[in-house]
Asks: 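The following block contains the structure, expressed as structure tokens.
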Amino acid sequence: MRAITKREVKAYFTSPIGYVCVAMILALYGYYFFQVLMLRSSSYISSVYATMFIWSMMIIPIITMRSFSEEMRNRTDQALLTAPVGVTSIVAGKFLAALAVYAIAMVGTLIPVAVIGLFSAPEWALIFGNFFGSLLYGAAMISIGIFISSLTQSQIVAAIGTFGISILLLVVDQLTSLVSNPVAVKLIGWLSFNTRYQPFTKGIFDLSSIVFFLSVIAVFIFLTARKLESRRWG
């Protein structure tokens with residue numbers, strides 16, 4: 001798994017994708033943090049993460065679209081599938097590499113926060129809650145994106161599919177107003193990523209939300225591994 005992760009991280013940064021995605025996230029965060037500096041109030045820092053959350057969910061499909069689609073298009077997936085490693089290790093390695101790219105960008109966003117903290121007293125619980133929540137939500141979306149990438153040879157289709165799922169998860173809460181069945185409403189609320197994410201925005205490290213996101217990651221890594229397993233034996 002470690003070898004796969006290193007190989008994938010290197011692939012991200014020997015092509016423009018890794019640099020472009022990290023640069024896009026940092027540039028957008030930089031713009032919003034500049035506005036915080038102009039307003040001269042650290043209380044707006046959590047609003048930066050709330051605004052950037054949607055942008056991050058739009059950039060993640062670009063990170064994950066090449067995971068397996070590129071392998072299938074270039075016919076290099078056969079060498080990967082016949083390698084003496086388990087399919088779960090292959091999927092986990094690709095997941096960790098994509099997560100590393102996203103995490104690098106997210107850690108970079110803490111630099112302006114630290115600078116602002118030298119001149120003010122920001123609410124660190126809210127900041128780290130937003131940071132950790134965005135990281136967890138992003139990791140869950142990365143696992144979904146990698147699964148979608150394993151279904152198609154087209155990177156464009158994989159990116160659009162992941163983006164569509166991302167948008168659906170952002171608006172799924174609004175479906176409760178269209179449903180009258182209380183069981184269905186409760187189920188939608190339980191499956192809502194946004195509902196699970198909200199405690200972090202308030203500086204609350206909710207254990208059930210952490211378990212939920214980790215479970216989503218585990219489920220989609222498992223599904224992707226099963227998809228690869230079927231292709232290996234096929």
Side-chain angles (χ1 to χ4, degrees), residues 1-29 52-74 76-77 80-81 83 85-109 131-167 169-170 193 197 210 213-228:
M1 184 173 69
R2 184 179 300 177
I4 298 291
T5 303
K6 288 182 177 179
R7 169 182 175 269
E8 291 300 309
V9 170
K10 183 178 180 181
Y12 274 115
F13 290 103
T14 52
S15 69
I17 292 178
Y19 294 104
V20 169
C21 290
V22 171
M24 286 174 63
I25 292 176
L26 292 181
L28 288 166
Y29 266 103
M52 273 303 302
F53 177 75
I54 297 175
W55 286 106
S56 297
M57 294 307 106
M58 294 172 65
I59 293 172
I60 283 176
I62 301 174
I63 298 175
T64 61
M65 67 181 186
R66 61 171 296 278
S67 299
F68 286 103
S69 297
E70 186 179 47
E71 299 275 8
M72 290 188 286
R73 183 171 58 84
N74 295 333
T76 56
D77 58 321
L80 195 64
L81 292 174
V85 291
V87 289
T88 303
S89 295
I90 295 172
V91 176
K94 285 183 172 287
F95 166 77
L96 290 175
L99 180 59
V101 175
Y102 179 63
I104 288 170
M106 289 302 298
V107 170
T109 66
F131 172 81
F132 188 68
S134 298
L135 205 57
L136 270 178
Y137 196 126
M141 282 307 308
I142 286 170
S143 68
I144 294 172
I146 287 176
F147 172 68
I148 294 175
S149 178
S150 71
L151 302 177
T152 176
Q153 294 185 16
S154 171
Q155 295 186 44
I156 302 300
V157 172
I160 293 174
T162 306
F163 179 73
I165 296 296
S166 178
I167 295 299
L169 291 173
L170 287 173
F193 277 36
Y197 173 72
I210 295 173
F213 284 120
L214 292 179
S215 298
V216 170
I217 293 167
V219 166
F220 279 95
I221 286 178
F222 173 80
L223 291 176
T224 309
R226 298 288 70 77
K227 174 64 178 176
L228 291 188

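The structure displayed is predicted, hence computed values, not measured ones. By convention here, the first residue in the shown sequence is residue 1. All values below were derived from every heavy atom in this structure, side-chain atoms included, with hydrogens, water molecules and symmetry-related copies excluded.
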Asks: To the nearest 0.5 Å, what is the distance between OG1 on T152 and CE on M65?
Replies: 12.0 Å

Asks: Which residues pass the side chain to side chain donor-acceptor pair (under 3.5 Å) test with S149, sequence neighbours left out?
Replies: S69

Asks: Is the shortest side-chain heavy-atom distance between M57 and L169 below 4.5 Å?
Replies: no

Asks: What is the distance from atom CD1 of I142 to atom NZ of K94, rounded to the nearest 0.5 Å?
Replies: 13.5 Å

Asks: Rounded at 0.5 Å granularity, tell me how far CZ in R66 sits from CD1 in I146.
Replies: 10.5 Å

Asks: Is S166 reaching over with its side chain to a backbone N or O of T162, donor-acceptor style, under 3.5 angstrom?
Replies: no

Asks: Please list every donor-acceptor pair under 3.5 Å in which a side-chain atom of residues 10-28 meets a protein atom from a residue at least two apart or in another chain.
Replies:
unit_1	atom_1	unit_2	atom_2	d
Y12	OH	I63	O	2.7
T14	OG1	K10	O	2.9
T14	OG1	A11	O	3.2
S15	OG	A11	O	3.1
S15	OG	Y12	O	3.3
Y19	OH	F13	O	3.1

Asks: Quick one: pull up OG in S67 and CD1 in I148 and give me the separation to the nearest 0.5 Å.
Replies: 11.0 Å

Asks: Tabulate below the donor-acceptor pairs under 3.5 Å that side-chain atoms of residues 214-226 make, not counting sequence neighbours, or state none.
Replies:
unit_1	atom_1	unit_2	atom_2	d
S215	OG	V211	O	2.7
T224	OG1	F220	O	2.6

Asks: For a quick test of reading the model, state the closest non-hydrogen atom pair linking V9 to A100 and the distance between them.
Replies: CG2-CB, 4.3 Å

Asks: On a heavy-atom basis, which atom in S150 and which in F68 lie closest, and how many Å separate them?
Replies: CA-CB, 3.8 Å

Asks: List the residues meeting side chain to side chain donor-acceptor pair (under 3.5 Å) with T109, not counting sequence neighbours, and say none if there are none.
Replies: Y49

Asks: With rounding to the nearest 0.5 Å, note down the distance linking OG1 in T5 to CZ in F95.
Replies: 10.5 Å

Asks: Could you pull out the closest heavy-atom pair between F131 and M106, with the gap in Å?
Replies: CE1-O, 3.2 Å

Asks: Provide the full list of salt bridge (Lys or Arg N to Asp or Glu O under 4.0 Å) pairs with a residue in residues 143-161, sequence neighbours left out, each pair given once.
Replies: none

Asks: Please list every donor-acceptor pair under 3.5 Å in which a side-chain atom of residues 132-139 meets a protein atom from a residue at least two apart or in another chain.
Replies:
unit_1	atom_1	unit_2	atom_2	d
S134	OG	N130	O	2.8
S134	OG	Y197	OH	3.2

Asks: If you measure from OG1 on T64 to CZ on F147, what distance do you get to the nearest 0.5 Å?
Replies: 12.5 Å

